[in-house]
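I have placed the structure first, in the form of structure tokens, so that the comments after it can refer back to it.
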Amino acid sequence: MTAQLRDNPTQAQQEDFTASPDSKIAIAAANVSMSYMVGDQRRTVLDDVSLSVAAGDIQLLMGPSGSGKTTLLSVLGGILTPTAGRVKILGEEITQMPRSQLSSFRLQNIGFVFQGFNLFPALTAAENVEVVLKMQGDSSHPRRTARELLEQVELLHRADAYPRNLSGGQKQRVAIARALAGHPPVIMADEPTASLDSKSGYAVISLLRRLAKEEGTTVLIVTHDPRIQDVADSIAYLEDGRLQGALLAG
Ligand code: ADP
Ligand code: MG
């Protein structure tokens with residue numbers, strides 16, 4: 001992979017952030033910071049992060065363990081509210097939305113694959129996917145659609161299994177199928193191939209690539225997986241909560 005550093009990513013991203021809602025930027029963050037009080041010490045986890053992801057791109061977020069990747073993805077996905085800064089998804093400023101509006105916005109627009117999968121333990125693999133389709137309310141055959149989604153991640157044969165009886169890689173694939181439910185325009189995934197063997201890893205990577213290239217889905221992936229780098233349009237690096245610059249893959 002060859003890569004070049006953007007001249008001034010921060011300035012470019014500020015312009016992206018203020019652009020009109022119909023701009024081609026699907027994910028924009030401006031001056032996002034996140035800190036926590038640990039005892040009586042303030043701990044800064046994200047420090048003035050600005051970035052943007054063009055619609056239909058696959059962007060990776062890389063960096064050492066503890067650099068803030070999961071926190072940043074959670075902020076961009078509307079799961080955590082940042083201490084400072086603004087986030088826009090598809091032109092809508094989610095950092096300004098009331099909680100209830102944000103929940104339904106996320107449900108319709110952002111498919112999120114959690115690092116720890118977050119499956120419902122009392123529901124089967126198929127039901128874990130079905131429940132999202134039902135909440136979205138626009139699938140006329142949620143049962144059938146859930147099975148089709150499991151088939152896409154090559155897990156149809158485990159549709160009726162409960163999470164406790166699935167391997168880590170199988171749970172990861174249920175989490176991915178669930179994130180694809182309802183064709184969200186934005187998919188965010190936290191180390192989505194970490195538990196997968198190489199065959200399933202490739203299947204997931206080609207699936208994400210197809211969604212981006214054929215359906216225009218915007219895909220933001222936290223990963224260490226060098227195979228994903230080959231399909232990425234750009235890569236952002238975090239270190240100690242600071243963005244080190246965006247690399248353009250190519
Ligand atoms: P990564 O995904 O890159 O491994 P994380 O975003 O999970 O990093 O965490 C970055 C840092 O923030 C870690 O040092 C972690 O301990 C700290 N951190 C994350 N969440 C909290 C929290 N709720 N309270 C205090 N510190 C936190
Ligand atoms: Mg993480």
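These numbers were taken from a predicted model, which means no experiment stands behind them. All ligand and atom numbering here is 1-based and tracks the order in the structure.
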Shortest protein contact, atom 7 (O) of ligand 1 (heavy atom only)
Thr70 CB, 3.7 Å
In the protein, which heavy atom is nearest to atom 26 (N) of ligand 1, and how far is it?
Tyr36 CD1, 3.7 Å
Contact between Gly63 and ligand 1, counting heavy atoms under 4.0 Å?
no
Go through the side-chain N and O atoms of [X] and [Y] and say whether any donor and acceptor fall under 3.5 Å apart.
X	Y	result
Thr44	Asp47	no
Glu239	Ser67	no
Ser35	Arg42	yes

Full working for salt bridge (charged side-chain N to carboxylate O under 4.0 Å, His left out) between Asp197 and Lys199
CA-CA 6 Å; Asp197 60 36; Lys199 180 174 165 285; over 6 Å; no
Within 45 degrees of the axis of the six-membered ring of Tyr202 and under 6.0 Å from its centre: does Arg227 put its NZ or CZ there?
yes
Nitrogen or oxygen atoms of [X] and ligand 1 under 3.5 Å apart:
X	value
Val38	no
Gly66	yes
Lys69	yes

Specify side chain, backbone, both or neither for Val45, according to which of its non-hydrogen atoms lie closer than 4.0 Å to ligand 1.
side chain
Quick one: which of Arg43, Met34, Met37 has a heavy atom closest to atom 14 (O) of ligand 1?
Arg43
Tell me the nearest of Ser65, Gly241, Ser74, Gly68 to atom 8 (O) of ligand 1, using heavy-atom distances.
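Minimum heavy-atom distance to atom 8 (O) of ligand 1 goes to Gly68.
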Note: Asp160-Arg147 ion pair, threshold 4.0 Å (strictly below)
yes
The Mg ion (ligand 2) to nearest N/O/S of Gln115 below 2.8 Å:
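Checking the Mg ion (ligand 2) against Gln115, an N, O or S atom does fall under 2.8 Å.
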May I ask you to check whether Thr70 brings an N, O or S atom to under 2.8 Å from the Mg ion (ligand 2)?
yes
Can you see which heavy atom on Met188 is nearest to which on Val186, and at what distance?
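Scanning both residues, the minimum pair turns out to be CE-CG1, 4.0 Å.
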I would like to know whether Arg209 and Asp230 meet salt bridge (charged side-chain N to carboxylate O under 4.0 Å, His left out); could you show each step before the answer?
CA-CA 10 Å; Arg209 184 185 158 80; Asp230 295 337; over 6 Å; no
Is at least one protein non-hydrogen atom found at under 4.0 angstrom from atom 22 (C) of ligand 1?
yes
Using a 4.0 Å cut-off to any heavy atom of Thr71, which atoms of ligand 1 qualify?
5 (P), 6 (O), 9 (O)
Going by the order shown, which atoms of ligand 1 are within less than 4.0 Å of some heavy atom of Pro64?
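What qualifies from ligand 1 is 3 (O).
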Please check if Leu119 and Val132 belong to a single hydrophobic cluster, counting links between Ile, Leu, Val, Met, Phe, Trp and Tyr side chain heavy atoms closer than 4.5 Å.
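They do not share one cluster, since no chain of ILVMFWY contacts under 4.5 Å joins Leu119 to Val132.
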